[in-house]
Amino acid sequence: MVFNSLGFLIFFPIVLIIYYIVPKGFQNIWLLLASYWFYMSWNPRYGLLLLLFTVFTYICGLALGKYSKKDREDLQESREVKYDSRSESEVDHVKPYQGTLGSQDETGESSISMVSRVNSEVSSGIETDLNMEQGISKRKGILTFALIVVFGLLAFFKYTNFLLDNVSGLFARLSINMPVNHFDIVMPVGISFFLFQSAGYLIDIYREKIPAEKNFINYALFVSFFPSILSGPIGRAPALLPQYLKPRSFDWDRVSEGFLLMLWGFFMKLVIADRAAIFVNNVYTGYHNIYGSAIVAATVIYGIEIYCDFCGYSTIAIGAARMLGIRLMENFNCPYFSVSVQDFWRRWHISLSSWFRDYLYFPLGGSRCNLLRRYFNILVVFIVSGLWHGSQWSYIVWGALNGIYQIIGSLLLPIRTGVLRALGFQKDVLDLKKNPAMGGSLKVYESQENAKKPGIEKLEIDKIGMVKPETEKLEMKKLGMEESGIEKPGMDKSGIDKPGMYKPGMGKLGFRNFKMTLLKLLRILITFCLIDFAWLFFRAAGLRDAVLMIRQILCDFGASQFSLEYIYTLGLDMKNFWLLIIATGILFIGDFIKYHGSSVGRWVLQRPMILREFIIALFILFILFFGIWGNAYNASSFIYFQY
């Protein structure tokens with residue numbers, strides 16, 4: 001069962017209705033049953049594997065929690081209480097022992113019993129310290145064992161045959177005749193996602209960011225929550241587990257918001273991604289007889305396909321969870337508006353990239369080490385990311401490319417900065433921390449002289465994640481600024497030629513300076529070209545196919561033969577091709593609005609009820625009429641299901 005199937009369109013309304021009918025104490029139980037039904041619809045044996053894995057990680061979490069900081073503090077507190085069993089006044093009046101052996105001090109305690117008591121207390125303190133050290137050692141042992149099992153399970157299902165293929169290839173190169181048999185392994189869907197989610201939970205307990213979850217139902221729901229189990233977003237325990245502890249009541253605004261998100265996800269998947277896939281699949285499977293120009297076009301369209309496919313799934317998942325009263329983390333944030341590869345990975349598959357950052361990049365040393373080690377850390381993270389996506393060398397090359405892009409970008413930064421300064425830009429124009437205006441996720445309204453004024457970071461956020469208009473006006477009034485934008489003397493609105501650090505805010509849309517706009521567009525275009533070239537390795541059937549396609553592009557580009565008529569012969573007729581272009585334009589407009597801090601969904605929800613329902617009905621009809629359906633349609637074709 002997948003989101004874009006008839007089964008789910010029947011399953012989800014039933015789950016939703018019963019969810020809000022049953023007593024609140026049974027909501028999690030009902031969601032857990034629904035989640036297992038959803039997951040087992042693929043293969044009933046998957047449910048048993050999921051249950052066994054959940055029990056294992058639950059027990060490991062409890063074992064880690066047993067030796068948590070709180071437990072150690074309790075031991076230390078009991079030691080202090082035992083060591084100083086008498087009252088403070090009694091202790092203050094005790095004089096140093098000066099008598100003979102067997103005499104009594106002023107408290108009436110004999111010297112022999114005093115020595116015995118002190119020795120006992122010292123021994124108790126040493127024993128407590130040893131217990132604490134042993135507890136820390138046990139925590140490390142438990143976590144190491146648990147992670148070996150978790151990632152070992154992933155390696156078995158995902159990389160066994162890949163490893164055997166490479167061993168066989170190595171033997172063949174060494175002229176060693178040793179047949180290697182493949183295992184008939186069927187990888188459970190979503191295993192990469194729920195394994196990483198559970199591993200993050202165990203690491204968070206070890207780092208004492210959260211206590212171990214003692215309620216098995218809540219933890220099992222955390223692992224198996226059906227909107228996110230197949231393709232994420234990869235949830236974090238500190239954000240998700242507290243939500244399962246609270247009863248959820250029906251809220252019409254929240255349900256409407258979630259429903260709109262689901263519709264937008266279906267639009268991205270059914271209207272854009274599945275239509276683009278027809279063209280891409282035809283080109284990538286028959287690239288031997290196709291001009292290089294068509295391969296370039298297909299690779300550009302694939303960038304749109306994979307974005308709409310995966311972001312579409314994540315948006316449906318977030319919307320479904322929102323209707324159930326659960327907030328999942330945002331997984332995509334206008335990635336193709338990124339101004340650098342590093343910026344792209346802050347916006348693309350956010351749940352995975354942040355997972356690698358927190359649980360791999362930082363433990364390796366992150367950026368808190370010398371330059372060579374930092375570059376090594378970046379390369380390791382992206383190679384592992386490539387392996388996570390698939391057991392092929394093409395995925396490893398794709399990951400390595402994204403790491404190399406960032407390393408080269410860092411090495412060339414002084415040269416790029418020097419060139420831009422010669423053109424009149426300030427020295428920090430490429431630094432997104434010192435010049436967030438280049439990031440552009442929100443509008444620019446504040447310069448450095450206002451950065452320290454209170455209240456800026458405390459704007460009230462509404463349910464959709466937008467700053468409420470009334471608080472926006474209030475904060476701007478506090479800062480002495482007009483709603484129409486920044487009108488402060490001595491301040492360059494574009495960020496060019498004058499010093500000052502800009503912060504994101506709620507000023508006028510975009511940048512008023514042509515040079516800044518041009519620079520930003522140029523950086524977005526270069527970033528897209530780099531990312532899209534890497535997508536060729538990601539999409540190709542293997543590394544050899546990717547190399548052959550690049551050779552086809554270089555040796556037989558066929559620019560003179562490239563035309564719309566030629567495009568129409570590659571899977572999409574004229575009507576469907578232009579429908580793809582129009583739908584992509586709608587997507588671009590939606591992302592452009594989101595990029596600048598607004599929301600189409602918010603605008604729709606703020607309309608009068610009749611107009612709002614009319615807009616929603618039109619959107620549903622649009623998806624039904626122009627979505628890719630039919631007998632040849634594969635309802636299980638979400639790209640990230642294979643990972």
Side-chain angles (χ1 to χ4, degrees), residues 16 227 233 239 243 248-269 271-272 307-308 311-337 347 350 436 439-445 456-477 483-485 504-510 583 585-623:
L16 187 68
Q243 296 188 61
R248 279 83 62 186
S249 301
F250 182 82
D251 183 281
W252 179 256
D253 292 336
R254 188 185 64 233
V255 171
S256 299
E257 178 192 349
F259 183 66
L260 276 179
L261 284 172
M262 292 184 71
L263 284 181
W264 184 251
F266 282 122
F267 165 74
M268 295 179 72
K269 169 61 178 171
V271 179
I272 302 178
Y307 173 49
C308 291
C311 182
Y313 180 94
S314 295
T315 305
I316 296 170
I318 293 169
R322 192 75 53 84
M323 295 179 74
L324 294 166
I326 303 296
R327 282 187 173 269
L328 300 178
M329 72 179 296
E330 185 179 27
N331 217 15
F332 292 86
N333 183 20
C334 312
Y336 288 139
F337 284 86
R347 299 171 179 274
I350 299 170
S441 59
L442 290 176
K443 308 153 198 174
V444 177
Y445 79 100
I456 292 174
E457 303 295 338
K458 298 180 180 179
L459 301 179
E460 187 178 355
I461 307 298
D462 66 12
K463 294 181 180 179
I464 307 178
M466 296 299 304
V467 179
K468 289 188 175 180
E470 58 269 21
T471 58
E472 173 189 337
K473 294 177 183 178
L474 178 62
E475 293 301 322
M476 294 185 74
K477 186 176 180 181
E483 291 182 35
S484 58
M506 301 301 296
K508 279 194 172 182
L509 186 66
I586 295 172
L587 171 69
F588 174 83
I589 293 171
D591 273 9
F592 184 81
I593 292 171
K594 179 182 178 181
Y595 180 76
H596 288 287
S598 299
S599 168
V600 175
R602 173 183 173 182
W603 181 86
V604 172
L605 291 175
Q606 289 176 344
R607 300 308 98 196
M609 185 181 67
I610 296 178
L611 178 59
R612 181 180 67 228
E613 303 306 323
F614 178 73
I615 294 172
I616 292 174
L618 282 180
F619 199 40
I620 293 173
L621 290 175
F622 183 85
I623 295 171

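Side chains are part of it too, since the values below use all heavy atoms of this structure and drop only hydrogens, waters and symmetry mates.
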Minimum heavy-atom separation for [X] to [Y], with atom names?
X: Pro233; Y: Met329; result: CG-O, 3.5 Å
X: Arg612; Y: Trp252; result: NH2-NE1, 4.2 Å
X: Ile272; Y: Cys308; result: CG2-SG, 3.4 Å
X: Gln243; Y: Ala239; result: NE2-O, 3.0 Å
X: Ala583; Y: Phe267; result: O-CZ, 3.7 Å
X: Ala317; Y: Pro227; result: CB-O, 3.0 Å

Derivation and outcome, side chain to side chain contact (heavy atoms under 4.5 Å, CB included), residues Leu587 and Trp264: CA-CA 9 Å; Leu587 171 69; Trp264 184 251; 3.9 Å; yes
pair Arg347-Tyr336: side-chain heavy atoms closer than 4.5 Å: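 Side chain of Arg347 against side chain of Tyr336, heavy atoms only: no contact under 4.5 Å found.
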Distance check, rounded to the nearest 0.5 Å: [X] atom [atom1] versus [Y] atom [atom2]?
X: Ser598; Y: Phe592; atom1: OG; atom2: CZ; result: 10.0 Å
X: Ile318; Y: Cys311; atom1: CD1; atom2: SG; result: 7.5 Å
X: Ile623; Y: Leu263; atom1: CD1; atom2: CG; result: 5.0 Å
X: Lys269; Y: Ile316; atom1: NZ; atom2: CD1; result: 8.5 Å

Pair Asp253-Leu605, side chain to side chain contact (heavy atoms under 4.5 Å, CB included): steps then yes or no: CA-CA 8 Å; Asp253 292 336; Leu605 291 175; over 6 Å; no
Near-ring test Phe588/Tyr595, centroid separation under 6.0 angstrom: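 They do not qualify: ring centres at least 6.0 Å apart.
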Counterpart residues, side-chain hydrogen bond (donor to acceptor under 3.5 Å, both in side chains), relative to Ser314 (two or more places apart):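 So Ser314 forms a side-chain hydrogen bond (donor to acceptor under 3.5 Å, both in side chains) with Asn331.
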Verdict with supporting geometry, Lys594 and Asn333, side chain to side chain contact (heavy atoms under 4.5 Å, CB included): CA-CA 8 Å; Lys594 179 182 178 181; Asn333 183 20; 3.7 Å; yes
Any donor-acceptor pair under 3.5 Å from Arg248 side chain to Met323 backbone: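 No, because the side chain of Arg248 does not come within donor-acceptor range (under 3.5 Å) of the backbone of Met323.
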Backbone N/O of Arg254 and side chain of Arg322: donor-acceptor pair under 3.5 Å: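 A pair under 3.5 Å: no.
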If you count heavy atoms of other groups shown closer than 6.0 angstrom to [atom1] of [X], is the number above 12?
X: Phe614; atom1: CZ; value: no
X: Leu611; atom1: CG; value: yes
X: Phe259; atom1: CZ; value: no

Candidate pair Glu257 and Leu260, rule side chain to side chain contact (heavy atoms under 4.5 Å, CB included), full reasoning: CA-CA 5 Å; Glu257 178 192 349; Leu260 276 179; 5.9 Å; no
